[in-house]
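These numbers were taken from a predicted model, which means no experiment stands behind them. Count residues from 1 along the sequence.
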Amino acid sequence: MPRKATQSTDVATTPGQEVKHFTDEEIAKIRDAGFDSVAAHAVSFEEFTNSYPVIRDKRELIAVPFISLEWDFHEGDNGEFVSAVIMRRDNSLAVINDGGSGIYRQYKELTERIGRQLGPITHKGGLSTSEYWFNPDTSAISRQRPDDGGDWRKATTFYLT
């Protein structure tokens, strides 16, 4: 299916440099080759950006040593949160985001204690957790699930070790 040309003229280009695009025929060949074939020749986006992958599941850092390199505090939809750049044992860098009473609070306290938002700070035990039950209707917390018929949900707080 041919692509539609846009009429927008607000595209920024480098003066004197022509921007190359695939032709419709090239796009068809790419699609026919398939994702795995194209991925084998693709360049990683990480080579073009200063950002690091975000840890989506903090459980992967439970009891796994890492180093905090730097951290910043940001205002989000649900209040302030911390973004910390960490280094893992394989020398890869990643970002941990947290806005709760665990990691966020610990980075706040660490910042106040050392007067900076820079490491390196070693976390030999990685992350640890505390699991509990939370009722969003009453904001009540319990270590064991209450049998009162309320809307109790299992929750986890992560902590730096």
Asks: So how far is it from His74 NE2 to Phe81 CZ, rounded to the nearest 0.5 Å?
Replies: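 Interatomic distance, His74 NE2 to Phe81 CZ, rounded to 0.5 Å: 5.5 Å.
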Asks: In terms of heavy-atom contacts, does CG of Asp148 have more than 12 from other residues, nucleotides or ligands at under 6.0 Å?
Replies: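 Yes, enclosed.
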Asks: Any donor-acceptor pair under 3.5 Å linking the side chain of Thr23 with the backbone of Glu26?
Replies: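 Yes: the side chain of Thr23 pairs with the backbone of Glu26.
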Asks: Using the rule that two of Ile, Leu, Val, Met, Phe, Trp, Tyr join whenever any of their side-chain heavy atoms come within less than 4.5 Å, decide whether Leu93 and Val54 are in one cluster.
Replies: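 Leu93 and Val54: one cluster.
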Asks: With side-chain contact (heavy atoms from CB on, under 4.5 Å) as the criterion, how do Leu61 and Ile86 come out once you've worked through the C-alpha distance, each side chain's angles and the decisive distance to 0.1 Å?
Replies: CA-CA 11 Å; Leu61 293 175; Ile86 65 164; 3.7 Å; yes
Asks: Could you check Ser83 against Asp72 for side-chain hydrogen bond (donor to acceptor under 3.5 Å, both in side chains), going step by step and ending with a plain yes or no?
Replies: CA-CA 5 Å; Ser83 293; Asp72 286 307; over 6 Å; no
Asks: Does the side chain of Trp133 reach to within under 4.5 Å of the side chain of Ile141, using non-hydrogen atoms?
Replies: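 Result no, sub-4.5 Å side-chain heavy-atom pair not found.
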Asks: Nearest 0.5 Å, please: how far is CG in Asn91 from CD1 in Ile67?
Replies: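 Here the interatomic distance stands at 8.5 Å.
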Asks: Should the ring pair Phe73 and Tyr104 be called parallel, tilted or perpendicular, given that the plane angle runs from 0 to 90° and is split at 30 and 60?
Replies: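 Phe73 vs Tyr104 ring planes: perpendicular.
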Asks: Is any side-chain heavy atom of Leu69 closer than 4.5 Å to one of Leu118?
Replies: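 No - every pair of side-chain heavy atoms lies 4.5 Å or more apart.
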Asks: Would you say that Lys58 contacts Ile96 through its side chain, given a criterion of any heavy-atom pair below 4.5 Å between the two side chains?
Replies: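 Answer yes - side chains close enough.
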Asks: For Glu109, I'd like to know if atom CD has over 12 heavy atoms of other residues, nucleotides or ligands within 6.0 Å.
Replies: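 Yes, because the 6.0 Å sphere around CD of Glu109 holds more than 12 heavy atoms from other groups.
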Asks: Can you say whether the rings of Tyr107 and His123 are parallel (under 30°), tilted (30 to 60°) or perpendicular (over 60°)?
Replies: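 It falls in the perpendicular class, over 60°.
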Asks: Other residues, nucleotides and ligands only: do more than 12 of their heavy atoms fall within 6.0 Å of CG on Asp147?
Replies: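 No.
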Asks: Set out, in order, the CA-CA distance, both residues' side-chain angles and the distance that settles side-chain contact (heavy atoms from CB on, under 4.5 Å) for Thr157 and Thr129, then state yes or no.
Replies: CA-CA 6 Å; Thr157 298; Thr129 64; over 6 Å; no
Asks: Transitively linked via ILVMFWY side-chain contacts under 4.5 Å: Ile114 with Val82?
Replies: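 Yes, it is one cluster - the side chains of Ile114 and Val82 are joined through contacts under 4.5 Å.
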Asks: Starting at CG of Leu160, measure out to OG of Ser128 and round the result to the nearest 0.5 Å.
Replies: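 That separation rounds to 8.5 Å.
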Asks: Start with the C-alpha gap between Thr161 and Leu127, add the side-chain angles, then the distance that decides, and say whether side-chain contact (heavy atoms from CB on, under 4.5 Å) holds.
Replies: CA-CA 6 Å; Thr161 62; Leu127 297 180; over 6 Å; no
Asks: Test the Lys154-Tyr132 pair against the cation-pi criterion, namely NZ or CZ under 6.0 angstrom from the six-membered ring centroid and within 45° of the ring axis.
Replies: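 Here Lys154 fails the 6.0 Å and 45° test against Tyr132.
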Asks: Mind running salt bridge (Lys or Arg N to Asp or Glu O under 4.0 Å) on Arg59 and Glu131 for me, showing each step along the way?
Replies: CA-CA 12 Å; Arg59 292 183 190 284; Glu131 294 187 343; 3.6 Å; yes
Asks: With heavy-atom distances below 4.5 Å as the criterion, would you say the side chains of Trp71 and Thr111 are in contact?
Replies: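 In contact.
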Asks: With rounding to the nearest 0.5 angstrom, report the CZ to CD1 distance, Phe158 to Ile55.
Replies: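 Result: 11.5 Å between the selected atoms.
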Asks: Between Arg88 and Glu60, does any NZ, NE, NH1 or NH2 come within less than 4.0 Å of an OD or OE carboxylate oxygen?
Replies: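 A salt bridge is present here (some side-chain N lies under 4.0 Å from a carboxylate O).
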Asks: Would you call Arg153-Asp151 a salt bridge at under 4.0 Å N-O?
Replies: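 So Arg153 pairs with Asp151 through a salt bridge.
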Asks: Hey, are Ser101 and Arg105 close enough side-chain-wise for a donor-acceptor pair under 3.5 Å?
Replies: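 Judged by distance alone, the side chains do not pair up.
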Asks: Please give me the minimum heavy-atom distance between Phe134 and Ala155, naming the atom from each residue.
Replies: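 Closest pair (atom of Phe134, atom of Ala155, distance): CB-CB, 4.4 Å.
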Asks: Is there a path of hydrophobic side-chain contacts, each under 4.5 Å between heavy atoms of I/L/V/M/F/W/Y residues, joining Ile103 to Ile62?
Replies: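 Linked within one cluster.
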Asks: Same cluster or not: Met87 versus Val85, using hydrophobic residues (I, L, V, M, F, W, Y) connected whenever any side-chain heavy atoms lie under 4.5 Å apart?
Replies: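 Linked within one cluster.
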Asks: I'd like to know whether Val64 forms a side-chain contact (heavy atoms from CB on, under 4.5 Å) with Arg89, so could you lay out the CA-CA distance, the side-chain angles of the two residues, the decisive distance to 0.1 Å, and finally the verdict.
Replies: CA-CA 8 Å; Val64 176; Arg89 189 172 289 282; over 6 Å; no
Asks: So, Ser68 side chain and Glu70 main chain: donor-acceptor pair closer than 3.5 Å or not?
Replies: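 Not confirmed, Ser68 side chain does not pair with Glu70 backbone.
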Asks: Could you give the distance from CG (Asp98) to CD (Glu80), rounded to the nearest 0.5 Å?
Replies: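 Here the interatomic distance stands at 11.5 Å.
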Asks: Counting only heavy atoms not in Asp77, do more than 12 sit closer than 6.0 Å to its CG atom?
Replies: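 Atom CG in Asp77 is not crowded, with 12 or fewer foreign heavy atoms closer than 6.0 Å.
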Asks: Please determine whether residues Phe66 and Tyr159 belong to a single hydrophobic cluster, defined as Ile, Leu, Val, Met, Phe, Trp and Tyr linked transitively by side-chain heavy-atom distances below 4.5 Å.
Replies: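 No, Phe66 and Tyr159 fall in different hydrophobic clusters.
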Asks: Of the non-hydrogen atoms in Ser37 and His41, which two are nearest, and what is the gap between them?
Replies: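 Minimum heavy-atom contact is O-CD2, 3.1 Å.
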Asks: Closest heavy-atom contact between Ala94 and Tyr52?
Replies: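 Closest heavy-atom pair between Ala94 and Tyr52: CA-CB, 4.0 Å.
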Asks: Can you name the closest pair of heavy atoms from Asn97 and Val95 and give their distance?
Replies: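 Where Asn97 meets Val95 most closely, the heavy atoms are OD1-CG1, 3.7 Å.
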Asks: So, does Thr122 use its side chain to make a donor-acceptor pair with the main chain of Lys124 at under 3.5 Å?
Replies: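 Absent.
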